[in-house]
Amino acid sequence: MNRIAYRFMLAGAVTAGAAAPAAAGTVEMTVNIPQLRVAEYHRPYVAIWIEEAGKPEIRTLAVWYDYDNRENGGTKWLRDLRSWWRKGGRTAAKPADAVTGATRAPGPQRVKLNTPALKPGNYALVVEASREEGGRELVSMPFTWNGRSATASGTGRTELGAISATIKP
Amino acid sequence: MKRMFLLAATALISSSPLYAHNAWIKPSATTVSGEDGWVTFDAAASTDVYNADHAPMALEQIKAYAPDGTETPIENGMRGRFRSTFDVHLTKPGTWRVGIQNLSVTGSYKLDGQEYRVGGRRGPPPSAGGPGGAPGGNPPAGGPGGPGAPQRSGNAPNFVASSADFSPPAGATDVKLSLSGMRNEVFVTLGNPSEVRLTGQGLEMQPISHPADLVADEPGRFRFLVDGKPAAGLEVEAVPDGRRFRDEQGTIAATTDANGEVTINWTGPGLYWLHTDYRDESSPRPGITGRRFQYTANLEVMAP
């Protein structure tokens, strides 16, 4: 595991310990970032979150951005993840350490993310990608949570490829 | 058309060529992330909004207010031929208000048979053959000027400086004085939005849909208030940017309900010029016989 994955696990453990007594869940997912033949390629900023049907609040699982950029810590362009930013990203000046990661290279990115405990109900797992000198795309994958397990999948057309996820308690 | 007529009427009592056209302030962004941020603005008046081809907005009138209401200087101001530009450094999270808000008494009265005009002009109209008005300025209020125009006789009006708290002197007759106000603003949000503060004076817009939350596929809702009270029956219009690249005006029209509220169904993402005006013959205080207010918000509507 690389440095970033470790950062996830460490921070996630701390968060889970401090949060509600209900056990947190995990989302194991594969996010395909397409290989693009362009003259100037920058890895996309990506936000991953869960939203509950009919509720405005979101639960951010991951934000991959240029967090060690010297200019403003890379936060200047977080607003370009415009759906995530409007729905909840903007509530903090920068994403919590628990969800922060570096941008990722093209190819299948396999990650295991921590989620807060979910009550049974209808949700969507959402992935949004925005690329400098490129486009922006959002893939929303509905799932029903029964307390045991759920799967969600979807495919982007431009900035994201196939996405699949398994949600467990 | 109605708007143009009203603006033309206002221009007669105004010192600024701005009022004869549609004044606008165009932001480089209204949603900003990071610990601080900069936004740059163009400000001008023109027939087609956001198309700088007529007159710059006076920088002296433009102010920026931080989310806590403190005034912050605008920076790097430059007055061009067709538009002014300036920057605002956002140093505190929340919703900033950038733009013009002014309030003054304008009109006329008579005293001892002499006519007095309040506001609108700093001095008498230029005499025949003298230097003309500034480029883009209004013609003298007295009628046709220029060489050969007939000189006005000895009963030419006197001009009185205006202010927001002006009252006519004792013994004044034929009093026609309005409290006139203009607001033209942009809301810029660094990080998490904050509540938009109202002053309770003049014509104001209270966002029901926060300016940082506007999305093309959700209607925008706004409440209009005159001196702090809901203004029913106001004709509100939203004009999208980019008039040069389409045939039709594309204006979205709506009327405020009993609560002063209006719903705008956006026709797509982009910058919108949200405008309304208000006039009545009420007396907000002794000696004042009417109110004339204009309001403009420059709003960014995001793609969903």
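Quick note: numbers below take in every heavy atom, side chains included, and nothing from hydrogens, waters or symmetry partners. Quick caveat, the model's predicted, so the values are computed rather than measured. Chain naming here is simple, since letters A, B, ... match the order of the sequence lines and numbering starts at 1 in each.
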Exercise. If you count heavy-atom pairs under 4.5 Å with chain A, which of B:A212, B:G37, B:A303 comes out on top?
Worked result: B:A303
Exercise. So which part of B:V32 gets closer than 4.5 Å to some heavy atom of chain A, the side chain, the backbone, both or neither?
Worked result: both
Problem set entry | Which of A:K94, A:K76, A:R136 touches chain B most, by non-hydrogen pairs under 4.5 Å | A:K76
For this session: Could you look at A:W85 and say if it's the side chain, the backbone, both or neither that has a heavy atom under 4.5 Å from chain B?
Result: side chain
For this session: Decide if atom CZ of A:R148 counts as having more than 12 heavy atoms of other residues, nucleotides or ligands within a radius under 6.0 Å.
Result: no
Exercise. Among residues 189-207 of chain B, which ones touch chain A with a heavy-atom distance under 4.5 Å?
Worked result: B:G191, B:N192, B:P193
For this session: Report the distance from atom CG of B:D213 to atom NZ of A:K87, rounding to the nearest 0.5 Å.
Result: 11.5 Å
Seminar exercise, completed: Heavy atoms of B:P304 and A:S83 approach each other most closely as C-OG, 4.5 Å
For this session: Taking A:T75 for its side chain and B:S33 for its backbone only, find out whether a donor-acceptor pair lies under 3.5 Å.
Result: no
For this session: Kindly indicate whether the side chain of A:R86, heavy atoms from C-beta on, has any atom under 4.5 Å from the side chain of B:V215.
Result: yes
